[in-house]
Amino acid sequence: MMEEKVISLDECINAIGSLDEKAMAQAKRRWDQVAKPLNSLGLLEEALITVAGIQGTSSVCLDQKAVAVFCGDNGIVEEGVTQTGQEVTAVVAENFSRGDSCVCIMAEQAGARVVPVDMGVKRLLSGYGSLEASSSELSSGIKYPILNCRIMAGTRNFLKEPAMEREQAVKAIEAGIQVMGRLKKAGVRIVATGEMGIGNTTTSSAVSSVLLGCEPEMVTGRGAGLDSQGLKRKIQVIRQGIKVRRPDPEDGIDVLAKVGGLDLAGMTGAFLGAGLYRIPVVIDGVISGAAALAAAAICPAAVSFMLASHVSREPAHQMILDRLGLKPLICAQMCLGEGTGAVALFPLLDMAEAVYRRMSTFQEIQIEEYHPLE
């Protein structure tokens, strides 16, 4: 676990404020002055206005980017809800550290740093290190050191007992908050959220079912490729787990502890930490979205600091975004996970920022401004 003092969950919640309305108004005025049709970059304009409100300045800057990938194993895998075993979580997490995964390749193209976070993989990993480690300090083959934020060696099977104790869920959330603090200290301007944990489409579907107030079959998809029989089994497991655990839909921590996962709890902390440290945070797919829902249940003000990257093929994702009141900028039927959809938003935001900063104004080229039509 990292040595710095942990910001408590209560301290974080109490410190989350609102967006800077003045900065947002200035950013909107800048867009309206740019020599192009009004609102013609659509949601990209809205995204940069939100970033201005988060950063507290109309001089938005997204020059340093990161994707925090929260990893953890899930005891519910015992119930046959996945195609692969828990050992895959550790393998992929170690691949992140070597830069050998889809999100790593996409992040490199987008100019973003990958930050793998071990929240509770079943076995200890190779490649642990600090965020501040220099290249000379890293072990051979390690490109992105794994932050060791382990709470426990994977969650328990929530059909038999709660996935974790409430205290463990709180510690995992606080670890996610701390990760955001470290990224802020490192100068990161925007963070994408990602995850890795075999079984986490089951935990995220359970969390979403409770927080959305929907039946499990409405929010549960095939994940990494279950057949029809496997999907039926997965829905039955979720339904029974919710029935026996009885998570409180008004208490996001209770939901995470009873039917969630350590990766979800860590991401929940990241969404809350984004509000504390005033960093734009990008939701990836349905798993990241479930964590965003939990964060909203814990502190509704945290939603203001979130950006929606895309809408995936998983049935719950659009429902989650609708509940959060967020609009996705990408519709590409992605469902890979790892933070890939969130990272895919970075180049679009870079292009929008370039137009925002560099494009001439109507006044500069001596053309009358566009005016809104009534």
Side-chain angles (χ1 to χ4, degrees), residues 69-86 88-89 92 117 119-122 151-166 168-169 172-173 176 193-212 214 216-224 226 230-231 233-249 251-271 284-295 297 312 314-317 320 335 337-338:
V69 188
F70 294 87
C71 307
D73 273 310
N74 300 283
I76 197 64
V77 169
E78 294 176 0
E79 301 299 326
V81 294
T82 64
Q83 282 190 318
T84 57
Q86 282 186 324
V88 174
T89 303
V92 177
V117 185
M119 296 300 305
V121 179
K122 190 170 183 179
I151 305 301
M152 56 196 293
T155 57
R156 297 183 285 269
N157 182 342
F158 66 67
L159 271 190
K160 299 176 180 177
E161 54 189 322
M164 55 189 131
E165 300 299 326
R166 184 180 182 91
Q168 292 170 320
I173 293 169
T193 52
E195 41 61 40
M196 177 59 210
I198 298 301
N200 64 8
T201 60
T202 299
T203 56
S204 60
S205 294
V207 168
S208 299
S209 177
V210 175
L211 294 177
L212 291 172
C214 295
E217 58 265 30
M218 295 181 64
V219 296
T220 305
R222 297 180 184 272
L226 288 175
L231 176 60
R233 170 62 180 162
K234 183 177 178 180
I235 292 170
Q236 289 173 338
V237 166
I238 293 169
R239 183 186 305 282
Q240 184 64 17
I242 293 172
K243 181 179 178 180
V244 297
R245 297 280 77 86
R246 299 176 63 185
D248 180 358
D251 184 348
I253 301 172
D254 187 62
V255 177
L256 289 170
K258 288 180 176 175
V259 297
L262 292 162
D263 53 350
L264 291 177
M267 280 190 291
T268 297
F271 287 118
D284 182 35
V286 69
I287 301 167
S288 174
L293 265 184
S312 76
E314 287 290 311
H317 198 191
I320 289 170
C335 59
E338 299 182 8

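Listed here is the closest heavy atom pair of D284 and T193: CB-O, 3.2 Å. A pairwise comparison of heavy atoms in P216 and I242 identifies CG-CD1, 4.5 Å as the closest pair.
Partner T220 forms a side-chain contact (heavy atoms from CB on, under 4.5 Å) with one of V286, L231, V237 and no other, that one being L231.
Here the side chains of I151 and M164 are not in contact, with every heavy-atom distance at 4.5 Å or above. Between P315 and V219, every side-chain heavy-atom pair lies at or beyond the 4.5 Å cut-off. Considering only heavy atoms from C-beta on, E195 stays 4.5 Å or farther from E338 through its side chain. Counting heavy atoms from C-beta on, the side chains of S204 and L264 come closer than 4.5 Å. Side-chain atoms of V121 and Q86, non-hydrogen and from C-beta on, never get closer than 4.5 Å to each other.
Here the straight-line distance linking atom CD1 of I238 with atom CD1 of I76 works out to 8.5 Å at 0.5 Å rounding. Summarising the geometry, atom OG1 belonging to T268 is positioned 11.0 Å from atom CG belonging to L262; distances are rounded to the nearest 0.5 Å. Taking OG1 from T155 and CE from M119, the interatomic distance works out to 11.5 Å, rounded to the nearest 0.5 Å.
By the 6.0 Å contact criterion, CZ on R166 is enclosed, its count of non-hydrogen atoms from other residues, nucleotides or ligands being greater than 12. Within a 6.0 Å sphere centred on CE of M218, heavy atoms belonging to other residues, nucleotides or ligands number 12 at most.
Not counting sequence neighbours, the partners of E79 by the side-chain hydrogen bond (donor to acceptor under 3.5 Å, both in side chains) test are N157, R233. The salt bridge (charged side-chain N to carboxylate O under 4.0 Å, His left out) search around D248 returns none, not counting sequence neighbours. Under the side-chain hydrogen bond (donor to acceptor under 3.5 Å, both in side chains) criterion, D73 pairs with T89, sequence neighbours left out.
Although no hydrogens or angles enter the test, the distance criterion places a donor-acceptor pair under 3.5 Å between the side chain of R245 and the main chain of F158. Under a 3.5 Å cut-off, the side chain of S209 and the backbone N or O of S205 do not form any donor-acceptor pair. At distances below 3.5 Å, not a single donor-acceptor pair connects side-chain atoms of S312 with backbone N or O atoms of G285.
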Exercise for the section: Apply side-chain contact (heavy atoms from CB on, under 4.5 Å) to the pair I320 and S208, showing each step before the final yes or no. Expected result: CA-CA 8 Å; I320 289 170; S208 299; 3.5 Å; yes
Practice task
Show your reasoning for whether salt bridge (charged side-chain N to carboxylate O under 4.0 Å, His left out) applies to K258 and E165.
Solution key: CA-CA 8 Å; K258 288 180 176 175; E165 300 299 326; over 6 Å; no
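No salt bridge links E314 with R222; every basic N to acidic carboxylate O contact stays at or beyond 4.0 Å. For E217 and K234, the salt-bridge test fails: no basic side-chain N is under 4.0 Å from an acidic carboxylate O.
Side-chain polar atoms of N74 and N200 form no donor-acceptor pair below 3.5 angstrom.
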